[in-house]
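Report on one structure; see the data block that follows.
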There are 2 protein chains.
Amino acid sequence: MSCERRFQAELHRRGLRVTPQREIILSTLHCFHSPFTAEEVFRKVTESSPGIKLSTVYRTLELLKSINLVSVVDVGNRRNHYMHVEAESPHFHLVCRRCEAVLSLSSEEILEVQSKLCAKSGFEIEINRISLPGLCENCRRFEE
Amino acid sequence: MSCERRFQAELHRRGLRVTPQREIILSTLHCFHSPFTAEEVFRKVTESSPGIKLSTVYRTLELLKSINLVSVVDVGNRRNHYMHVEAESPHFHLVCRRCEAVLSLSSEEILEVQSKLCAKSGFEIEINRISLPGLCENCRRFEE
DNA sequence: TTGCGTGCAAACGTTTTGCAGTATT
DNA sequence: AATACTGCAAAACGTTTGCACGCAA
């Protein structure tokens, strides 16, 4: 099921409303291929629909989060980052502390880590929300 | 070398000053055994030295960060979290999305992940800054 | 017709900043 | 004596909220 239909179905189920703003915001998320901020969504949305306000973007992202169509990734600067959850294999992000580049990565090893951590501590990590801080290949040269 | 001496040495090296505020703030960090906020440091510092202001705490944490005596850990709520970097084996944190508990963990496996990731992508993760989001054993029962 | 959603603007909590006086070197 | 640092207060920043009107159901 496309995420547009999932969204509509869930809105109906909860007695909420399908509004143009919500549909536009959701469709905009397809533009992004790494974690994005509310502000970035707002700017993108504004290009085609100047009427939609930032607060509506925030409210819609929150709603999408509760439907699991969006997840939150913390990449470490002050802004919240979100990502569009599609039916992909779980992936996580590497965020360079120096240049702020974001690498998206899907890896078998993280699944191994997940199950070992869970066996050891009962804690179940959520792979899609992981961001690992560090230095990318380029930036490593500039740090002593 | 104790971190107090490292701090002093680095201040001298940079032509900066050793002030009572800076020394008090650094010594306070020993109280914390999991990531802490600027506000928490401020409250602790205030108990013994009511004159020191929050903005000074922020500035000092920033300074300590640049000397690598403090690192930033993102545990996902809006506040920044810092931790005191001592000469311990590298450890990272598990942060429960539901109850916000923080588990500190030192694990061999993460070193393995680190070297594999680096070999594969050139990206070097910084273990001490990692926080992995997820659900702790308790809270897993409450999510469907 | 009901009541959810939106735009608007103001509030919020955290962090940063400009400035003038104070303290360290 | 020079200038880095602090306290102070205000600004900045991202995000949230209250309210009145508008729109989907």
Side-chain angles (χ1 to χ4, degrees), chain A residues 4-5 7-28 35-46 48-67 70-83 100, chain B residues 4 7-28 35-46 48-67 70-82 100:
Chain A
E4 280 75 13
R5 294 190 64 78
F7 191 30
Q8 290 182 13
E10 185 62 19
L11 289 174
H12 283 131
R13 204 182 66 76
R14 298 196 197 178
L16 303 179
R17 298 186 179 161
V18 178
T19 66
Q21 289 93 330
R22 286 176 175 165
E23 298 194 301
I24 290 166
I25 290 168
L26 174 56
S27 75
T28 299
F36 48 83
T37 65
E39 177 71 30
E40 286 165 344
V41 175
F42 173 65
R43 280 208 299 274
K44 201 78 183 171
V45 164
T46 300
S48 60
S49 315
I52 298 180
K53 303 301 291 184
L54 183 53
S55 56
T56 303
V57 172
Y58 276 109
R59 287 191 265 229
T60 303
L61 287 173
E62 196 55 36
L63 181 58
L64 289 166
K65 201 172 89 181
S66 76
I67 306 180
V70 151
S71 73
V72 171
V73 185
D74 235 295
V75 307
N77 26 14
R78 192 106 58 75
R79 294 206 256 267
N80 280 347
H81 283 71
Y82 305 85
M83 54 175 280
E100 300 195 342
Chain B
E4 281 74 13
F7 190 30
Q8 290 183 12
E10 186 62 19
L11 289 174
H12 284 132
R13 205 182 67 75
R14 298 197 198 177
L16 303 179
R17 294 179 184 169
V18 178
T19 66
Q21 289 92 331
R22 285 176 176 167
E23 298 195 301
I24 289 165
I25 290 168
L26 174 55
S27 74
T28 299
F36 48 83
T37 65
E39 178 71 28
E40 285 165 344
V41 174
F42 173 65
R43 279 208 300 275
K44 201 77 182 169
V45 163
T46 300
S48 58
S49 315
I52 299 179
K53 303 301 292 185
L54 183 55
S55 56
T56 303
V57 171
Y58 275 109
R59 287 192 265 228
T60 303
L61 286 172
E62 197 54 37
L63 181 58
L64 289 166
K65 201 173 90 181
S66 77
I67 305 180
V70 151
S71 72
V72 171
V73 185
D74 236 293
V75 308
N77 25 15
R78 194 103 59 75
R79 294 207 257 270
N80 280 347
H81 283 70
Y82 305 85
E100 301 195 343

Worksheet item: Are the side chains of T56(B) and T60(B) in touch, meaning some heavy atoms are under 4.5 Å apart?
Response: yes
Worksheet item: Can you find a side chain N or O atom of Q21(B) that sits less than 4.0 Å from OP1 or OP2 on dG7(D)?
Response: yes
Item to complete: Measure the distance from CD1 on I52(A) to C1' on dG22(D) and round it to the nearest whole Å.
Response: 15 Å
Response to the item:
Sorted by position of nearest nucleotide on DNA chain C, 5' first, the leading residue of E39(B) and G15(A) is G15(A)
Worksheet entry | R59(A) side-chain proximity, nearest of dT15(D), dT17(C), dC8(C) | dC8(C)
Worksheet item: Any chance the side chains of R14(A) and S66(A) put a donor and an acceptor closer than 3.5 Å?
Response: yes
Discussion item. So Q8(B) and E23(B), do their side chains get closer than 4.5 Å, heavy atoms only?
Written reply: yes
Practice prompt. Indicate yes or no: does E10(B) engage R13(B) in a salt bridge with an N to O separation below 4.0 Å.
Written response: yes
Worksheet, complete the sentence: Whole-Å distance, L11(A) CG to dG3(C) P, equals 19 Å
Discussion item. Please classify the nucleic acid contact of T37(B) as base, sugar-phosphate, or nothing, using heavy-atom distances under 4.0 Å.
Written reply: nothing
Fill in: Protein-nucleotide distance (N80(B), atom CG; dT15(D), atom P), rounded to Å
13 Å
Fill in: Side chain of T19(B) - closest among dT6(D), dA24(D), dT15(D)
dT6(D)
Worksheet item: Which nucleotide in the list dG5(C), dC5(D), dA25(D) gets nearest to the side chain of L16(B)?
Response: dC5(D)
Practice prompt. Starting from P on dC4(C), measure out to NE2 on H12(A) and report it in whole angstrom.
Written response: 15 Å
Item to complete: Figure out the OH/P separation between Y58(B) and dC13(D), and round it to whole Å.
Response: 16 Å
Fill in: Point-to-point distance, once rounded to the nearest 0.5 Å, from CZ of F36(A) to OG1 of T28(A)
9.5 Å
Worksheet item: Which comes earlier along DNA chain C counting from the 5' end, the contact point of A38(B) or that of K53(A), where each point is its nearest nucleotide?
Response: K53(A)
Fill in: Gap between atoms CZ and P, on F42(A) and dC8(C) respectively (whole Å)
10 Å
Worksheet item: Taking CD from E23(A) and P from dC23(D), how many angstroms apart are they, rounded to a whole number?
Response: 16 Å
Response to the item:
Regarding the side chain of R17(A), the nearest nucleotide among dG7(D), dG3(C), dA9(C) is dG3(C)
Item to complete: For R22(A) and dC23(D), give me the distance from atom CZ to atom C1', rounded to whole Å.
Response: 12 Å
